Amino acid sequence: MTKVTPFLMFQDGKAEEAMNFYTSLIKDSEITSITRYGANEPGGDEGTVMQATFTLKGQTFMCIDSNIKHQFTFTPSFSIFVDCDTEEELTSLYEELLEGGQALMPLDNYGFSRKFGWVNDRFGVSWQINLP
């Protein structure tokens with residue numbers, strides 16, 4: 001075994017949009033590779049993401065665009081957990097991720113940290129935002 005990488009499967013050609021959104025929100029993050037489907041290539045629509053990798057604060061993620069319509073999507077039982085340095089950083093990240101998404105736990109002090117929020121973003125990916 002050489003490494004373990006979280007893998008996100010997007011539908012409707014949203015992988016690149018999601019990667020751009022995530023890397024714009026979190027400092028020290030970048031898209032590191034993108035391989036796209038070509039014309040008449042089996043498995044995906046031309047220009048969509050066949051496979052891509054990006055990093056968020058050094059954590060590598062892999063993602064694809066699925067051209068197959070599955071009966072499932074993302075679930076909050078798997079989420080990206082982010083520890084923030086300041087309340088301002090936490091609030092800003094939470095609000096940006098919430099735009100077009102859904103609050104699962106509004107920002108508040110739930111007793112296990114100074115402030116915490118849980119949100120599904122507009123792509124369906126679940127995020128837990130924490131101020132330890």
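Scope of the values below: all heavy atoms of this structure, side chains included, with no hydrogens, waters or symmetry mates. These figures come from a predicted structure and were not determined experimentally.
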Which heavy atom in [X] sits nearest to a heavy atom in [Y], and how many Å separate them?
X	Y	value
M62	T5	N-CG2, 3.7 Å
L90	K115	CD1-O, 3.7 Å
Y94	M105	OH-O, 3.4 Å
I34	E16	CD1-OE2, 3.9 Å
T55	T60	CG2-OG1, 3.6 Å
M50	I64	O-CG2, 3.1 Å

List the steps, then state whether side chain to side chain contact (heavy atoms under 4.5 Å, CB included) holds for S126 with L104. CA-CA 9 Å; S126 183; L104 301 176; 4.0 Å; yes
Salt-bridge contact R114-D108 (side-chain N to carboxylate O under 4.0 Å):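 Here R114 does not pair with D108 in a salt bridge, since their nearest N and O are not under 4.0 Å apart.
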Using a strict threshold of under 4.0 Å (side-chain N to carboxylate O), is an ion pair present between E46 and R36? no
Flag the pair E17 / F10 as yes when at least one side-chain heavy-atom distance between them is below 4.5 Å, and no otherwise.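 Contact flag for E17/F10 side chains = no.
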Min side-chain heavy-atom separation P6-Q59 under 4.5 Å: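 Answer yes - side chains close enough.
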Output the distance between atom [atom1] ([X]) and atom [atom2] ([Y]), rounded to the nearest 0.5 Å.
X	Y	atom1	atom2	value
M19	T32	CE	OG1	8.5 Å
F21	L97	CZ	CG	5.0 Å
L107	N130	CG	CG	10.5 Å
D83	S113	CG	OG	8.5 Å
E88	L131	CD	CG	9.0 Å
E41	T48	CD	OG1	9.0 Å

Under a single-linkage definition using a 4.5 Å side-chain heavy-atom cutoff for Ile, Leu, Val, Met, Phe, Trp and Tyr, are [X] and [Y] assigned to the same hydrophobic cluster?
X	Y	answer
L56	M9	no
W118	F74	no
V125	F72	no

Please determine whether the number of non-hydrogen atoms from other residues, nucleotides or ligands lying under 6.0 Å from atom NZ of K69 exceeds 12.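 Atom NZ in K69 is packed in, count exceeds 12.
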I'd like to know if the side chain of D12 reaches the main chain of K14, judged simply by a donor and an acceptor atom lying under 3.5 Å from each other, with no hydrogens or angles considered. no
D85 backbone acceptor or donor facing E89 side chain under 3.5 Å: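 Indeed, once roles are kept as given, a pair shorter than 3.5 Å links the two residues.
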After noting the C-alpha distance and the side-chain angles of L25 and L93, does the key distance pass the side chain to side chain contact (heavy atoms under 4.5 Å, CB included) rule? CA-CA 7 Å; L25 293 178; L93 182 57; 4.0 Å; yes
Any donor-acceptor N or O pair under 3.5 Å, side chains Q51, T35: no
Dump the intermediate steps for side chain to side chain contact (heavy atoms under 4.5 Å, CB included) on Y37 and D65, then the final yes or no. CA-CA 10 Å; Y37 286 102; D65 280 318; 5.6 Å; no
So, do F116 and F112 have ring centers that fall under 6.0 Å from each other? yes
Tell me, with the steps shown, if W127 and Y22 meet ring pair (Phe, Tyr, Trp, His ring centres under 6.0 Å). CA-CA 11 Å; W127 296 77; Y22 301 152; 5.1 Å; yes
